[in-house]
Protein chains: 2
Amino acid sequence: MAHPKPIAPPRIPCQHCPLRRRQTFRDFNSEELAFVSRFKIAEMLAEPGMSIIVEGEQNPSLYTVLSGWGFRHKILEDGRRQILNYVLPGDMIGLQGNVMAEMQHSVEALTRVTLCTFEREKFHTLFRDHPSLAFDITWIASREESMLDEHLLSVGRRSARERAAYLLAFLDTRSRAAMEGNTGDHQLPLTQQHVADTLGLSLVHTNKTLRKLIDGGLIRWRDRGTQVIDQEGLYRVAGWRPPAESERPFI
Amino acid sequence: MAHPKPIAPPRIPCQHCPLRRRQTFRDFNSEELAFVSRFKIAEMLAEPGMSIIVEGEQNPSLYTVLSGWGFRHKILEDGRRQILNYVLPGDMIGLQGNVMAEMQHSVEALTRVTLCTFEREKFHTLFRDHPSLAFDITWIASREESMLDEHLLSVGRRSARERAAYLLAFLDTRSRAAMEGNTGDHQLPLTQQHVADTLGLSLVHTNKTLRKLIDGGLIRWRDRGTQVIDQEGLYRVAGWRPPAESERPFI
DNA sequence: CGTCCGTTTGAAGTAGTTCAATTCGAGTGG
DNA sequence: CCACTCGAATTGAACTACTTCAAACGGACG
């Protein structure tokens, strides 16, 4: 699983970054934009199944996802895998390795992923000269923590059915916010193995649990492409509702 | 479960903060120290069982734990509870509510806890004028995330026995680092109900699992006070080892 | 001395795992 | 166009790790 490869130019200038236009994301002021433009080095491409970051890595690049899906995970020595969270457009990757000694988890591409790479050396400059962006980074870290809290609650205390409903509702909601525009057939690019490794369940039981959600008309399942049909229904089953999220920072 | 109450003065001046002296924590330079001294408002005291912060709170205080144990948790509507992590001396509480709209979890005191309170209004000043401290806050958030990742792996993929061993080894290690000096009888102030709610297990099964660890000579259990006897043994059972942690920032 | 909280134990039940095949569709080479 | 392969989903059946119910025990404390 090699690292992502650089895309040939033309690279997108930050002024025209597609994410900025989406109303989910807060816009930069001109001063911030000027800095971020210099902060950005290149674009990278990761194909499905490629590792974007590997646990133990010492000085990983710092990325923001421009398009596509990935997931963060950890693996035990005997191969048991736990998916910790998913990364979608606007999410940062590699922050941990830029703040602490080394990465404690891996990140893998689920679909084809395009990434914005930043210059590690300028990371301290960001904190020194751009407090509003530094605050945004803390905001982003805090949001990640709150998602993890909810996942831990889910894996620790919800039943298989509740967990599955929660996960799909959660991902569908995030995906709709981050992708924006794709209102039509809105697919989650997961296999049942991914779902199982996220929920902490076996593949077989995950299959049987999902089947019930399918038969109940809550979701549709095609190969590597789930659709949520009845979002409200999933919320009800999960006993969960997405937190109101207003405009959100990204870098 | 009311809020923590202010302690009568004398309050400890930051110059003489007991945490600063411990080698686990990095020291401030004089400029940082001057700011933190103005940032600090008061000390608070929370008795065992008291809520320090409640989910949904909009503008919680920002605290650092000076002494004692607490835990972060979430509760489902029907009462199922998941403990997310524990807070020990040097840990921040309430950061989430200062960055995002509202707190997504609660914090409760496990033992008597003393807290340092900061002035919320100066939080932005910290980012503006003290980038090194802003960086520390990101560091702290990032460390919290990495602990949560490991817990999620544990709850999702480890067996009951492995989970229990992991949790006790984890807490013992953190506690030794944060308490420092208390080398003798080093107790973890948990009930089996806390352990159960952390591991995502029932109380009964937790009891039976702990009993095996006790009978195996790995730990000792007194009422509300566990002792780790064979740390190395727990590491082996858990298939886990604490990450090397050098000096660590705190505020 | 009684009460309360935390721990302990046994027994019955069930949600989830593991093992073992089978199906299905898409892609590949002949 | 067909035979082959391969990853993903599906299904049944046996097993077991964990839950739930129910009761009792022990120590601390007023």
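Proteins come first, then strands; the chains are lettered A, B, ... in the order of their sequence lines, and each starts at number 1. Keep in mind the model is a prediction, meaning the values are calculated, not measured.
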Please classify the nucleic acid contact of A:Leu210 as base, sugar-phosphate, or nothing, using heavy-atom distances under 4.0 Å.
nothing
For a 4.5 angstrom cut-off between non-hydrogen side-chain atoms, does B:Leu168 reach B:Leu210?
yes
Nucleotide C:dT23, atom C1' - distance to CG of A:Asn207 in whole Å
12 Å
Would you indicate whether the side-chain heavy atoms of B:Leu148 and B:Arg72 approach each other to under 4.5 Å?
yes
Round to the nearest Å and state the distance from A:Leu203 atom CG to C:dT18 atom C1'.
12 Å
Under the side-chain contact (heavy atoms from CB on, under 4.5 Å) rule, what do A:Ser175 and A:Tyr86 come out as? Steps first, then yes or no, please.
CA-CA 10 Å; A:Ser175 170; A:Tyr86 292 81; over 6 Å; no
Any donor-acceptor N/O pair, B:Arg161 side chain to B:Lys212 backbone, under 3.5 Å:
no
For A:Tyr63, does its backbone N or O pair with a side-chain atom of A:Ser61 as donor and acceptor, under 3.5 Å?
no
For a quick test of reading the model: is some side-chain N or O of B:Arg211 closer than 4.0 Å to OP1 or OP2 of C:dT9?
yes
If I take atom CZ in residue A:Arg158 and atom P in nucleotide C:dG16, what distance separates them, rounded to the nearest angstrom?
14 Å
Of the nucleotides D:dA8, C:dG16, C:dG6, which one has an atom closest to the side chain of B:Arg224?
C:dG6
In this structure, how many angstroms lie between the C1' atom of C:dT8 and the CG atom of B:Asp215, rounded?
12 Å
Atom NZ of A:Lys208 and atom P of D:dA9: how far apart are they, to the nearest Å?
15 Å
Take the protein atom NE2 of A:His205 and the nucleotide atom C1' of C:dT14, then report the distance between them rounded to whole Å.
10 Å
Here the distance between atom P of D:dC29 and atom CG of B:Asp223, to the nearest Å, is 10 Å
From C-beta outward on B:Trp221, which listed nucleotide comes closest to its side chain: C:dG16, D:dA22, C:dT7?
C:dT7
From C-beta outward on A:Leu201, which listed nucleotide comes closest to its side chain: D:dC18, D:dA22, C:dG16?
C:dG16
Indicate, with a heavy-atom threshold strictly under 4.0 Å, whether B:Ser202 touches base, sugar-phosphate, or nothing.
base
Which part of the nucleic acid does B:Gly200 contact within heavy-atom distance under 4.0 Å: base, sugar-phosphate only, or nothing?
sugar-phosphate
When you get a sec, tell me which of D:dC18, C:dT7, C:dT18 is the closest nucleotide to the side chain of B:Thr191?
C:dT7
Atom pair distance, as rounded to whole Å: CD in A:Gln193 and C1' in D:dT10
14 Å
